[in-house]
Amino acid sequence: MTDQNEYLKDPKLIETHYGEEYEHYYNAIVPPVFLNSLNVFSSIDEYYDSDKSDKHVYCYGRVQNPTVRILEDKIAALEHGERAFVFSSGMSAATTAVMAVCHTGSHIVCVRNVYGPLKTFLTQHCTEHFQMQVTFVKGDRLEEFEEVITDDTDLVVLESPSSLLLTLQDIQGVAAIAGAHRARIYIDNTYCTPIFQNPLDLGADMVMHTLSKYIGGHSDIIGGVLVAKDKELLEKLSLMRELYGGILGPMEAWLGIRGIRTLEVRLRQHEKTALAVAQFLAQHPKVRKVHYPGLSSFPQYDLMRRQQKGSCGLMSFEIDGSVEQAKAFCQALRVFKIGVSWGGFESLVTMPLARASDEEAEWLGAAQNLIRIHCGLEGEENLIMDLEQAFAAL
Ligand SMILES: *Cc1c(COP(=O)(O)O)cnc(C)c1O
């Protein structure tokens with residue numbers, strides 16, 4: 001945190017004012033979109049001496065941009081990190097993190113329920129092209145990590161809660177085990193956002209978010225971010241972003257700043273609505289199981305209370321019926337739209353495993369009729385009414 005921002009520690013103040021230097025933009029309350037690809041210098045020496053890490057010196061847009069930097073400073077402060085780097089997608093952030101830390105032959109430990117495309121990147125690209133070895137763990141028992149982490153492990157990949165079954169990992173516990181073997185911990189914190197969980201405080205090394213979900217919040221941008229504290233790691237991430245070239249564009253960064261302004265108020269509303277919906281589902285006779293960390297009946301509720309400050313609008317559940325019946329249920333919904341992604345203003349429904357093989361579903365520990373919903377901002381009465389009419393049609 002820079003000195004002049006010292007009083008802006010509360011998340012709501014970070015969202016609204018932190019990292020903005022009004023005097024640089026004619027005192028406009030909203031910063032401009034700097035749509036320039038380069039900046040000019042008054043001498044060749046000044047150009048050579050320019051320091052890329054200084055937030056007041058800009059040279060080339062693939063390395064840094066003032067609008068982008070405001071967004072990064074806000075996320076770094078919210079996440080209790082030293083520095084954040086934003087990327088053109090969550091996957092660009094994730095793959096850059098892996099390549100910054102791992103090398104040919106690296107051993108990686110990863111949770112089974114991790115975001116699917118990252119799993120594909122690790123098991124197909126990293127193993128085939130870089131002979132990396134990936135060991136998957138279910139992730140809900142610390143002993144499991146203890147059994148598989150070795151001195152050759154360079155990276156531990158976590159996602160807590162995961163976006164399929166909402167299962168948690170004990171971040172502090174895993175950090176102690178990984179630290180003993182000098183392995184870095186990467187965690188996808190998209191579900192909680194920095195408002196509900198700060199993994200760097202619990203011992204994680206790199207925190208990733210996709211901006212495409214709650215941080216953007218309006219289903220109008222694709223973007224990602226990595227946050228870290230460690231100086232050596234930050235230097236690597238900075239260089240890898242510059243070389244892979246995945247920086248976020250200024251227009252998306254501006255929309256990200258606009259999204260962050262209301263992050264906390266939106267999240268509280270998503271949480272309140274989701275809890276009411278989860279309770280409705282949990283008592284419904286046609287529902288077999290609800291996966292929502294905010295329910296006191298959730299198997300990892302105690303851990304959730306220990307490491308999270310809340311739960312968001314995403315959950316999954318199994319109905320008492322076949323895959324075909326679950327599809328019919330989804331199609332009977334009117335407010336919930338069928339669509340991938342989540343974290344925006346709108347309610348969504350998908351069936352992530354409707355076409356998964358028996359082995360795949362069993363490996364993930366989930367049923368093929370699993371329904372995943374995101375509770376948007378349409379109001380809990382409207383969402384519950386919608387679910388009720390879809391159950392009635394079942
Ligand atoms: C959407 C998502 C991603 C990927 O983000 P993109 O911006 O689409 O690349 C990663 N992790 C989780 C948990 C997600 O939901």
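Side-chain atoms are counted along with the backbone in the values below, which use heavy atoms only and exclude waters and symmetry mates. Whatever order the structure lists ligands and atoms in, that order sets their numbers, starting from 1.
In terms of polar-atom proximity, defined here as any N/O pair under 3.5 Å, I222 makes no such contact with ligand 1. Looking at M208 next to ligand 1, no N or O pair under 3.5 Å apart turns up.
Remark: the D140 side chain and the Q300 side chain contain no N/O donor-acceptor pair separated by less than 3.5 Å.
In the candidate list V340, L211, T210, T210 is nearest to atom 5 (O) of ligand 1, counting heavy atoms. Summarising the contacts of atom 12 (C) of ligand 1 with I221, D188, L118, T95, the nearest heavy atom is found in D188.
Listed by atom number, the atoms of ligand 1 under 4.0 Å from E159 heavy atoms are 13 (C). Atoms of ligand 1 lying under 4.0 Å from any heavy atom of S212, numbered from 1 in the order shown and given with element: 6 (P), 7 (O). Below 4.0 Å from some heavy atom of W342 lie the following atoms of ligand 1, by number and element: 15 (O). Below 4.0 Å from some heavy atom of G90 lie the following atoms of ligand 1, by number and element: 5 (O), 6 (P), 7 (O), 9 (O). Within ligand 1, the atoms closer than 4.0 Å to a non-hydrogen atom of G223 are 7 (O), numbered from 1 in the order shown.
Nearest non-hydrogen protein atom to atom 4 (C) of ligand 1 is Y115 CE2, 3.3 Å. The protein atom (non-hydrogen) at minimum distance from atom 9 (O) of ligand 1 is M91 N, 2.8 Å. In this structure, atom 15 (O) of ligand 1 lies nearest to the protein heavy atom K213 NZ, 2.5 Å.
The list of side chain to side chain donor-acceptor pair (under 3.5 Å) pairs with a residue in residues 219-231, not counting sequence neighbours, reads R184-D230, S219-E346, D220-R258, K231-E235.
Annotation: R305, atom CZ; neighbour count of heavy atoms from other residues, nucleotides and ligands within 6.0 Å does not exceed 12.
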Derivation and outcome, side chain to side chain donor-acceptor pair (under 3.5 Å), residues Q197 and N189: CA-CA 7 Å; Q197 181 167 268; N189 197 27; 2.9 Å; yes
Steps toward ring pair (Phe, Tyr, Trp, His ring centres under 6.0 Å) verdict (H291, F317): CA-CA 6 Å; H291 307 279; F317 62 98; 9.2 Å; no
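Using a cut-off of 4.0 Å between Lys/Arg side-chain N and Asp/Glu carboxylate O, K138 and E147 are scored as not salt-bridged. Salt bridge annotation for K12-E264: present, with a cationic side-chain nitrogen under 4.0 angstrom from a carboxylate oxygen. Checked for salt-bridge contact, D73 and K55 meet the test: a charged N lies under 4.0 Å from a carboxylate O.
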